[in-house]
Amino acid sequence: MTPPAAPTMAAGDAVHVGRRRHVLLFPLPYQGHINPMFRLAGLLHARGFAVTVFHTQLNAPDPARHPEYRFVPVPNGSPVPVAIEDVVAHILELGRACEAAFRDRLASVLEEYSRDTVACLVADAHLLPIFEAAARLSVPTLALRTGSAACCACFLAYPMLFQKGYLPVQESQRDMPVLELPPYRVRDLLVIGEDGGGLARELITRATAAVKTSSGLILNTFDALERRELEGLRRDLAVPVFDIGPLHKFSPAGDSSLLLPDRSCLEWLDAWPPESVLYVSFGSVACMSARDLVETAWGIAGSGVPFLWVVRPGMVSGPADHRQQQLPEGFGAATHGRGMVVTWAPQEDVLGHRAVGGFWTHAGWNSTVESICDGVPMLCSPYFGDQMGNTRYVEHAWRVGIEVGGNIERGSVEAAIFRLMTHEDGAQMRTRAGELKKAAAECTAEGGSSCLAVDKLFTHMMSL
Ligand code: UDP
């Protein structure tokens with residue numbers, strides 16, 4: 001892991017008339033949202049802010065792992081989702097379910113800390129009711145969006161996408177370019193549910209409202225990666241935009257993992273030559289069918305490439321009693337000596353390991369950024385949400401990976417792995433990923449764009 005380069009700020013910077021300033025945080029309780037929020041917490045704490053984390057009972061953080069922060073539990077009351085359609089409904093429900101209890105706890109915290117020492121609340125943009133509750137108590141807010149700038153632009157453009165007929169998606173138009181949002185095609189747009197309407201529209205409308213009513217937008221991206229998209233956001237939004245990514249290079253989030261990472265895989269990786277191992281992980285939410293698990297397994301086995309594969313508990317979809325989590329019979333013997341399967345990996349360290357030469361990912365935004373910043377080219381199998389759009393950027397804009405889409409078949413998996421790990425194409429993608437890795441390091445170094453954005457964010461927060 002590269003040591004945090006830039007914001008070498010002295011603790012105690014965030015002081016107001018002799019008293020330390022507080023920043024309040026509220027993450028959405030999903031791994032891909034918790035990690036960037038805790039990375040941000042580390043960054044702000046290093047700047048001298050006292051950090052208070054409000055959190056739901058669902059996926060509650062372990063305070064013992066972060067003795068430097070204060071934690072305030074907020075009852076959320078809603079059941080844990082099981083299917084992805086439920087996740088969207090659940091995200092919408094969570095904010096509402098927490099609102100009243102959050103308002104009470106926020107009021108107590110404000111009384112305890114003394115009003116003028118509280119700089120602001122930074123909340124996940126999916127928690128609109130939390131923004132509204134804070135506004136009612138006159139606490140300034142900043143919105144953290146954990147996706148790309150391009151995805152944020154897509155959210156803002158949602159009404160236009162319906163007006164111009166790009167949405168709802170028509171099968172015959174899936175490959176049509178979205179002229180207003182290049183390089184997206186219709187198939188790359190964020191669509192949740194069959195018609196792209198209903199819940200998706202509500203999710204997007206509310207997240208957009210949270211951004212617009214906040215006093216600033218924080219994004220885990222960087223100028224060299226999304227300059228044009230960031231310029232677009234600055235043009236379209238009335239609030240300042242802080243592109244302070246890659247956050248994990250400022251402040252690792254290892255301790256915010258909900259599952260226990262199996263660190264023995266790092267030792268296992270030590271035995272392999274540089275860039276020889278394929279790392280396979282589809283993040284914390286995506287589920288595959290039992291059939292796709294089998295095709296994935298035999299595709300990996302048939303490629304002959306050494307691999308480290310994360311097979312997460314609950315990763316196989318279907319009725320609970322039909323979930324076949326286990327790998328196909330014979331897979332262990334066929335890959336003996338060249339593969340390791342773990343339930344959760346220390347991903348940042350894995351991607352930074354010299355033995356890892358490729359990443360087969362679902363193209364979640366954190367995974368995409370982490371891969372890019374370690375110069376690792378990707379195979380992308382997007383499942384839902386922003387993952388199709390991220391895949392489009394990986395393949396078409398940055399040209400650091402290729403899509404393995406559609407029906408997963410062992411033959412096409414083998415061919416894609418071969419192309420990424422062994423073929424000249426893969427070598428070129430690795431070279432380009434290496435260039436982006438360098439650009440990311442420059443952005444986070446002193447005087448780099450992200451480092452300057454952190455300074456601006458800090459000044460902004462102190463002025464609220
Ligand atoms: N992650 C991890 N170990 C794993 C798989 C994922 O630590 O075995 C982390 C990964 O580093 C990333 C987050 O979990 O920070 C997943 O976020 P992402 O946006 O990529 O996908 P999501 O889980 O939200 O779909």
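Ligands are counted one by one from 1 in listed order, and the atoms in each one are counted from 1 as well.
Among R312, Q347, E370, Q387, the residue whose heavy atom sits closest to atom 15 (O) of ligand 1 is E370. When the heavy atoms of L351, N366, T368 are ranked by distance to atom 19 (O) of ligand 1, first place goes to N366.
Relative to the ring axis of F458, R47 places its NZ or CZ within 45° and under 6.0 Å from the centre. R399 forms no cation-pi arrangement with Y393, by the criterion of a distance under 6.0 Å to the ring centre and an angle within 45° of the ring axis.
Counting protein heavy atoms only, atom 23 (O) of ligand 1 is closest to S284 OG, 2.4 Å. Nearest to atom 24 (O) of ligand 1 among the protein's heavy atoms is G32 CA, 3.4 Å. Among all non-hydrogen protein atoms, the one lying nearest atom 8 (O) of ligand 1 is A345 N, 2.9 Å. Considering only non-hydrogen protein atoms, atom 21 (O) of ligand 1 sits nearest to H362 NE2, 2.9 Å. Given atom 20 (O) of ligand 1, the protein heavy atom at minimum distance is S367 OG, 2.5 Å. Among all protein heavy atoms, the one lying closest to atom 13 (C) of ligand 1 is N35 ND2, 3.6 Å. In this structure, the protein non-hydrogen atom closest to atom 1 (N) of ligand 1 is W344 CZ2, 3.3 Å.
A tilted orientation is assigned to the rings of W272 and W268, their planes being inclined by 30° to 60°.
Under 4.0 angstrom from ligand 1, there are no non-hydrogen atoms of W309. Heavy atoms of W365 found under 4.0 angstrom from ligand 1 belong exclusively to the backbone.
For G283, no nitrogen or oxygen atom sits less than 3.5 Å from a nitrogen or oxygen atom of ligand 1, counting backbone and side chain alike.
Side-chain contact between T146 and N220 is absent, with no heavy atoms from C-beta onward closer than 4.5 Å. Contact annotation: the side chain of T52 never approaches that of F71 to less than 4.5 Å [non-hydrogen atoms, C-beta and beyond].
A donor atom on one side chain and an acceptor atom on the other are not found under 3.5 Å apart for E403 and T391.
Of all atoms in ligand 1, listed by their number and element, those nearer than 4.0 Å to a heavy atom of S281 are 5 (C).
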